[in-house]
*Asks:* 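I am attaching a structure below and will ask some questions about it afterwards.
A, B, ... follow the sequence lines: proteins, then strands. Residue 1 opens every chain. This structure is a prediction, so every number in the text was calculated from the model and none was measured.
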There are 2 protein chains.
Amino acid sequence: MPPPSDRPLNERTNFLLSQLGFHTAMRFTERLAALDIQPSHFGLLMHLAQGEGRSQQQLAEALGIHRKVMVGLLDDLEQRGLAERRRHPADRRAHAIHLTDAARTLLPQARAIADAEEEDLLTGLSGEQRRQLLGLLQHMAENSGNPQGVHPGLRRNPGSP
Amino acid sequence: MPPPSDRPLNERTNFLLSQLGFHTAMRFTERLAALDIQPSHFGLLMHLAQGEGRSQQQLAEALGIHRKVMVGLLDDLEQRGLAERRRHPADRRAHAIHLTDAARTLLPQARAIADAEEEDLLTGLSGEQRRQLLGLLQHMAENSGNPQGVHPGLRRNPGSP
DNA sequence: TATTGTTATACTCTATAACTATA
DNA sequence: TATAGTTATAGAGTATAACAATA
């Protein structure tokens, strides 16, 4: 077994990923505040834009969170007039979640903020370097065991029954 | 101004960085638990290994945290027999922080855990790809405004007087 | 009996303020 | 008056447990 390396933190890929990941998430959060939403709301809106009418349970599973957390997220979105809980056509226990027109207006603005954040992060890198980086990160993400688009920071309850 | 892109999350560099950064930090935390320390303790031990005898205030500034947080970190390390608060030779208000022999034994084990975590993250990437990735991340880290080796997750108090 | 959504409670982490002993 | 270290307190966020309505 080789001896452990004594590289400084800024020469460790794992540290740099954690540092940069936290940095960009924090800055994205600050920028999204202008729209009065948070990254978790953005992720949920993005998901709803791909298909409305799903139950809270289905949405919670897609985002990798506990259904109790989904209650709070939807409370927030409903309060801001961005989502609606409608009657589920097939299951009277469940709600069918839909976007509002306000959400369809807001979503492009939120996407533009995400684009701007990414652009700031990639400043100084060539198009070729950006493609390389994206490919390497995608490779690692697939290898990590996290489902596509599921952020472990919104984590599922460990002992979910 | 171009329209905002509607790429999915796993095609956004900023999302992938946040996802992978959180993932590796979480897994590193779990692995370090075998040594009964956390990543913030690891960072502090790494820093102390580069030079002992500094004051808590100096250490707090180097790690980018508030001095009040340093109190808790050093309480933890002292309780585990990994650090000592000695009398500061020049300032009777301050402490001079030193590592113990136990810490010098533990630090290589912690480094080995960091190495193992990095190796798992980079599985499947060639040596050339690893060098490319490291260089790209270092470029972005320098561009981000975060001082070298300072993790924004251990963040300084916003309104520090 | 199991599932959907919800609420109440406790627990942990962080932030604000103030205190002491020195300088 | 300012600084090093510390403590007390309150607030935000998260986990545990239990609940009513429906399948």
Side-chain angles (χ1 to χ4, degrees), chain A residues 22 25-26 29-30 32-33 36-41 43-44 48 53-79 83-98 151-161, chain B residues 22 25-26 29-30 33 36-41 43-44 48 52-79 83-98 151-161:
Chain A
F22 195 97
M26 186 174 57
T29 302
E30 291 167 358
L32 269 187
D36 200 25
I37 61 173
Q38 297 178 349
S40 52
H41 302 130
L44 178 50
L48 283 168
R54 271 174 279 199
S55 72
Q56 298 186 192
Q57 178 72 19
Q58 287 174 313
L59 291 170
E61 277 171 22
L63 269 69
I65 63 179
H66 194 274
R67 60 190 191 284
K68 175 199 56 179
V69 181
M70 183 58 64
V71 174
L73 289 179
L74 284 171
D75 286 349
D76 296 339
L77 290 187
E78 245 186 353
Q79 201 174 343
E84 286 176 358
R85 287 173 162 106
R86 299 190 191 162
R87 304 183 55 174
H88 196 287
D91 186 339
R92 290 178 55 184
R93 294 173 304 179
H95 294 147
I97 309 302
H98 288 260
H151 196 298
L154 305 169
R155 70 167 149 289
R156 175 190 310 277
N157 270 358
S160 51
Chain B
F22 196 96
M26 187 173 57
T29 302
E30 291 167 358
D36 199 25
I37 61 172
Q38 297 177 348
S40 53
H41 302 130
L44 178 50
L48 283 169
E52 306 186 31
R54 270 174 280 198
S55 72
Q56 298 186 193
Q57 178 72 25
Q58 286 175 313
L59 291 170
E61 277 171 21
L63 268 71
I65 62 179
H66 194 273
R67 58 190 192 282
K68 174 200 56 180
V69 181
M70 183 58 63
V71 173
L73 289 179
L74 284 171
D75 286 350
D76 297 339
L77 291 187
E78 245 185 354
Q79 201 174 342
E84 286 175 357
R85 286 173 163 106
R86 299 189 191 163
R87 304 182 54 177
H88 197 287
D91 186 337
R92 292 177 55 183
R93 293 173 304 180
H95 295 146
I97 310 303
H98 288 260
H151 196 299
L154 306 168
R155 69 165 149 288
R156 176 191 309 279
N157 267 358
S160 51

*Asks:* Near DNA chain D, which residues from residues 90-97 of chain B have a heavy atom under 4.0 Å away?
*Replies:*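 Here the set is R93(B), A94(B), H95(B).
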*Asks:* Tell me: CD1 of I65(A) to C1' of dT4(C), nearest whole Å?
*Replies:* 15 Å
*Asks:* Hey, does the side chain of Q57(B) come within less than 4.0 Å of dA4(D)'s phosphate (OP1/OP2), counting only N and O?
*Replies:* yes
*Asks:* Any side-chain N or O of R85(A) less than 4.0 Å from the OP1 or OP2 oxygen of dT6(C)?
*Replies:*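 It does, given that an N or O in the side chain of R85(A) lies less than 4.0 Å from OP1 or OP2 of dT6(C).
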*Asks:* Can you tell me how far P of dT6(C) sits from CG of L73(A), to the nearest Å?
*Replies:* 12 Å
*Asks:* Check the pair Q58(A) / E61(A) against side-chain contact (heavy atoms from CB on, under 4.5 Å), numbers first and verdict last.
*Replies:* CA-CA 5 Å; Q58(A) 287 174 313; E61(A) 277 171 22; 5.8 Å; no
*Asks:* Just verifying a value: how many Å separate L73(A) CG and K68(A) NZ, rounded to the nearest 0.5 Å?
*Replies:* 11.5 Å
*Asks:* Taking only the side-chain heavy atoms of K68(B) (C-beta and beyond), determine which of dG5(D), dT16(C), dT6(C) contains the nearest atom.
*Replies:* dT16(C)
*Asks:* Which whole-number value in Å describes the distance from D76(A) CG to dG13(D) C1'?
*Replies:* 12 Å
*Asks:* Atom CD of Q38(B) and atom C1' of dC13(C): how far apart are they, to the nearest Å?
*Replies:* 11 Å
*Asks:* Looking at R54(A), Q56(A), R87(A), H88(A), which hits side-chain hydrogen bond (donor to acceptor under 3.5 Å, both in side chains) with H95(A)?
*Replies:* Q56(A)
*Asks:* Carefully, step by step, assess I97(B) and E52(B) under the rule side-chain contact (heavy atoms from CB on, under 4.5 Å).
*Replies:* CA-CA 6 Å; I97(B) 310 303; E52(B) 306 186 31; over 6 Å; no
*Asks:* Let me know the distance between CD of E61(A) and C1' of dT3(C), rounded to the nearest Å.
*Replies:*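 It works out to 11 Å between those atoms.
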*Asks:* In sequence, state the C-alpha distance, the side-chain angles, and the governing distance for R85(A) and L77(A), and then conclude on side-chain contact (heavy atoms from CB on, under 4.5 Å).
*Replies:* CA-CA 10 Å; R85(A) 287 173 162 106; L77(A) 290 187; over 6 Å; no
*Asks:* Could you check how far CE of M70(B) sits from C1' of dT3(D), rounded to whole Å?
*Replies:* 17 Å
*Asks:* Which atoms form the tightest heavy-atom contact between L74(A) and A83(A), and what is the distance?
*Replies:*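 Answer, listing the atom of L74(A) first, then A83(A): CD2-CB, 4.4 Å.
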*Asks:* Suppose we screen for salt bridge (charged side-chain N to carboxylate O under 4.0 Å, His left out). Which residues come up paired with R86(A), at least two apart in sequence or across chains?
*Replies:*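 With neighbours one apart ignored, the set is E84(A).
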*Asks:* According to a strict under-4.0 Å criterion, is Q58(A) in side-chain N/O contact with OP1 or OP2 of dT4(C)?
*Replies:* no
*Asks:* Between P on dT7(D) and CD on Q56(B), what's the gap in Å once rounded to a whole number?
*Replies:*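 Atom CD in Q56(B) sits about 10 Å away from atom P in dT7(D).
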*Asks:* Can you measure H66(A) atom NE2 to dT3(C) atom P for me and round it to whole angstrom units?
*Replies:*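 From H66(A) NE2 to dT3(C) P: 12 Å.
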